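Sequence lines set the chain letters: A, B, ... in the order given, protein chains first and strands last, and positions in each chain run from 1. Please read all numbers here as calculations on a predicted model, not as lab measurements.
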Amino acid sequence: MTGPAHTGSYLSDPRVRPMEWLPWVLALVCYFAAPTYLPLGSYILIMILFALSLDLILGYAGIITLGHAAYFGFGAYVAAILAVRVTADPLIGIAVAGISAGLLGWLTGLVILRMRGLTLLMLTLAITSICYEIANKATALTGGADGLGGFNMKPILGLFKFDLFNKTGYLYCLLFLFVAWWLVRRIIYSPFGASLTGIRENVARMHALGSPVYQRLVAVYTISAALAGVAGGLLTHTTEFVGLKVLSFDLSGDLLVMLILGGVGRIYGAFVGPVVYLLAQDSLAKQFPEYWYFGIGLMLVLVVMFARGGILGIVDRLLLRIRRGNT
Amino acid sequence: MTPALETRNLCKHFGALTVAEQINFKLDAGARHALIGPNGAGKTTFVNMLMGGLAPSSGAILLGGVEVTRQSQRQRVKHGLGRTFQINSLFRSLTVVDNVSLAVAERHGVAWGMFRPAGRYRSVVDESMQLLDTLGLLEDAKLSLAALPYGKQRLVEIAIALGMRPKVLLLDEPAAGIPSLESHRILEVLDALPKEIAILIIEHDMDLVFRFARKITVLAQGAVLMEGSPAEVSSDARVRQVYLGERRE
Ligand SMILES: Nc1ncnc2c1ncn2[C@@H]1O[C@H](COP(=O)(O)OP(=O)(O)OP(=O)(O)O)[C@@H](O)[C@H]1O
Ligand SMILES: [Mg+2]
């Protein structure tokens, strides 16, 4: 037995398993099979990227946060303001959104990661609230409660135009998600990733064996914030609009629910969670809006009480049972 | 010769409770030194202060003659200090070899590596495996730590500390929780440690203490009661009263 898959272990085999290509194949199949769903599809891809960034700090490093929307929203606003005022080139926009969000993550991380537990949780909340209020009040720059729109993104590399059906936008998001996935996967399988797992499991021991715990946390927090910023930038680019919702507590909460639903600390929980949650929301919330949050709440209780590993945890257990049954 | 480790007037108060009172202590190079004392005497607190997890109220700590009182645990580890915990402090969901590799990777300075898979750091993995081999844990290397029996977990506790290649090793009751029949395994391991390492061992099992230590310090209510050879300590009336006698009751 070598522990669950996708942990930063000195024993795990870092090669990509055949199953790990499945999400990408499915994503491409959707592109051809469901062209009318591509706006929703793009949003799902963006939320997967966002959830992946959260998984890195929450699932691997054990940093509990209710404020990850700060970096997503910051990236989204930076991308929008840049498009309005400086350049509407998408790749430059993503780079700047990612770097700015990473910088914000680094600066805030330096302060808040000295804390742990509930204090840390409150601080992450506070940071999001502050960002929200700034975006709300600085109307000249952000459009305040009306949001910021009215800009048109230039074609990617001057070649691929954003279209109404989001065909380009979908592939654009998919590409960035793929790069982020590759990066996160590398990190998780590295010694750095293993040390993050160590910090999550037993921070006192990590200190005692000479690990620079705080610096490690700041580093991973910065990376995660940058990825969240990229996700935010993608949302701005594909919708050509940004509103206060991207900095809301609701978004941080929804994100957390999606990740827990999919399974925390296993990379692909960040894929499964948003897909299930957002597809369910798309079909159910329209028909039974009054029951949606009740349903989500109930589901969350069930997952937390009976299926700690989320949907992927359940799948793991089923597979294990089938395998045992065969031998 | 400068002692490997030294404290000067080390004090620690928890509110009104004094857990360390003016402790002046010296650990010689290559020492086999035991720290004994009744429950609650302040032994673990002392180790916590030495290691840097707990700040003393006053006094100084010197490692190889260098003052480290204000230094972080990380800095002290770099100076060659390592410890084990009285209550297992391990990475339960990780494999046994990962538990050790985390320490070895820090020491090799490769734990910041973000892009190469951990398993490709052969020198880290090989060294961890070798260490487990010398402790008789090679067959368990790939098991999840939580699957090990308690006695073997205690050995992993030591293995992690050895992965740090400490020059000064603090062992907080390494055999705690193990039936004395099995504790000989721990003693074997301790006996086989390189002579250059200065070792401070906290232990309640007097057989183990007398077999291992060449010098004993007795702590009672946060203060050093006496210090001497095993023979001196075992014949001391005060020690018998506060410690040995009490244990026999
Ligand atoms: N963080 C703390 N806050 C308050 N009191 C503490 C704290 N840590 C330890 N103590 C108290 O300090 C005293 C010494 O504790 P310590 O754990 O150092 O004893 P010990 O000699 O290691 O005992 P044992 O043999 O049982 O391990 C105890 O009375 C304990 O209750
Ligand atoms: Mg103790």
Side-chain angles (χ1 to χ4, degrees), chain A residues 1-16 56 59-62 114 182-220 222-224 226 264-266 308-309, chain B residues 48 51-53 72-79 81-85 88-122 124-125 128-129 141-147 157 160-161 163-164 166 170:
Chain A
M1 195 180 86
T2 53
H6 313 304
T7 57
S9 164
Y10 284 80
L11 293 178
S12 23
D13 179 356
R15 280 172 302 184
V16 178
L56 193 56
Y60 288 92
R114 295 193 177 278
W182 183 84
L183 195 76
V184 167
R185 210 177 167 287
R186 289 301 281 205
I187 291 175
I188 284 164
Y189 278 92
S190 71
F192 177 74
S195 80
L196 295 180
T197 310
I199 290 170
R200 184 196 68 212
E201 279 276 303
N202 188 344
V203 68
R205 191 60 192 245
M206 285 306 275
H207 278 294
L209 55 77
S211 179
V213 170
Y214 168 68
Q215 285 91 325
R216 292 270 157 79
L217 290 177
V218 171
V220 72
T222 304
I223 295 168
S224 168
V264 176
R266 43 206 318 154
R308 267 300 170 80
Chain B
N48 289 341
M51 193 66 217
S72 67
Q73 299 194 59
R74 173 173 171 70
Q75 287 166 306
R76 294 179 202 208
V77 169
K78 280 193 174 156
H79 278 115
L81 189 62
R83 74 170 290 186
T84 66
F85 289 79
N88 278 348
S89 181
L90 302 167
F91 306 100
R92 291 186 59 81
S93 81
L94 301 187
T95 62
V96 172
V97 66
D98 279 318
N99 269 265
V100 181
S101 294
L102 283 175
V104 174
E106 289 300 344
R107 199 188 87 244
H108 286 208
V110 300
W112 273 108
M114 287 192 197
F115 296 104
R116 221 143 60 91
R120 301 261 169 81
Y121 289 80
R122 288 317 313 174
V124 173
V125 182
S128 306
M129 286 295 190
K142 297 185 175 178
L143 293 180
S144 152
L145 183 107
E157 182 69 43
I160 294 177
M164 299 158 66
L170 314 171

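Looking at heavy atoms from C-beta onward, B/Leu102 lies out of side-chain contact with A/Arg205 at the 4.5 angstrom threshold. A heavy-atom distance below 4.5 Å is not found between the side chains of B/Ser128 and A/Tyr10. Side-chain contact between A/Met206 and B/Glu106 is present, with at least one heavy-atom pair separated by less than 4.5 Å.
The part of B/Arg120 that comes within reach of chain A is its side chain, from C-beta onward, which places non-hydrogen atoms under 4.5 angstrom from that chain. Heavy atoms closer than 4.5 Å to chain A are found in the side chain of B/Met164, but not in its backbone. Of the atoms belonging to A/Pro191, heavy atoms from both backbone and side chain fall under 4.5 Å from chain B. Both the backbone and the side chain of A/Arg216 come within less than 4.5 Å of a heavy atom in chain B. Proximity to chain A (any heavy atom under 4.5 Å) is restricted, for B/Tyr121, to the side chain, taken from C-beta onward. Only the side chain of A/Ile223 comes within contact range of chain B, judged by heavy atoms closer than 4.5 Å.
Between chain A and the options B/Val97, B/Leu81, B/Asn99, B/Leu90, heavy-atom pairs under 4.5 Å are most frequent for B/Leu90. For the set B/Ala111, B/Gly52, B/Pro117, the entry with the most heavy-atom pairs within less than 4.5 Å of chain A is B/Ala111. When each of A/Gly198, A/Ala204, A/Ala208 is checked for heavy-atom pairs under 4.5 Å with chain B, A/Ala208 comes out on top. Comparing B/Arg92, B/Arg83, B/Met51, B/Glu157 by how many heavy-atom pairs each has under 4.5 Å with chain A, the most go to B/Glu157. In terms of non-hydrogen atom pairs under 4.5 Å with chain B, the most contact-rich of A/Asn202, A/Ile187, A/Thr197 is A/Asn202. Of the listed residues B/Gly119, B/Ala105, B/Ala141, B/Ser101, the one with more heavy-atom pairs under 4.5 angstrom with chain A than any other is B/Ser101. Heavy-atom pairs under 4.5 Å with chain A were tallied for B/Arg116, B/Met114, B/Lys78; the largest tally goes to B/Met114. The greatest number of non-hydrogen atom pairs below 4.5 Å with chain B, out of A/Ser195, A/Gly193, A/Ser211, is found for A/Ser211.
Side-chain N or O atoms of A/Arg186 include one that pairs as donor or acceptor with a backbone N or O of B/Phe115 at under 3.5 Å.
Taking both residues in full, the closest heavy atoms of A/Ser9 and B/Thr95 are given as OG-OG1, 4.4 Å, listed atom of the first, atom of the second, then distance. The minimum heavy-atom distance linking B/Lys142 with A/Leu11 is given by the pair CG-CD1, 3.7 Å. Contact between A/Arg200 and B/Ser93 at its shortest, heavy atoms only, is NH2-OG, 4.1 Å.
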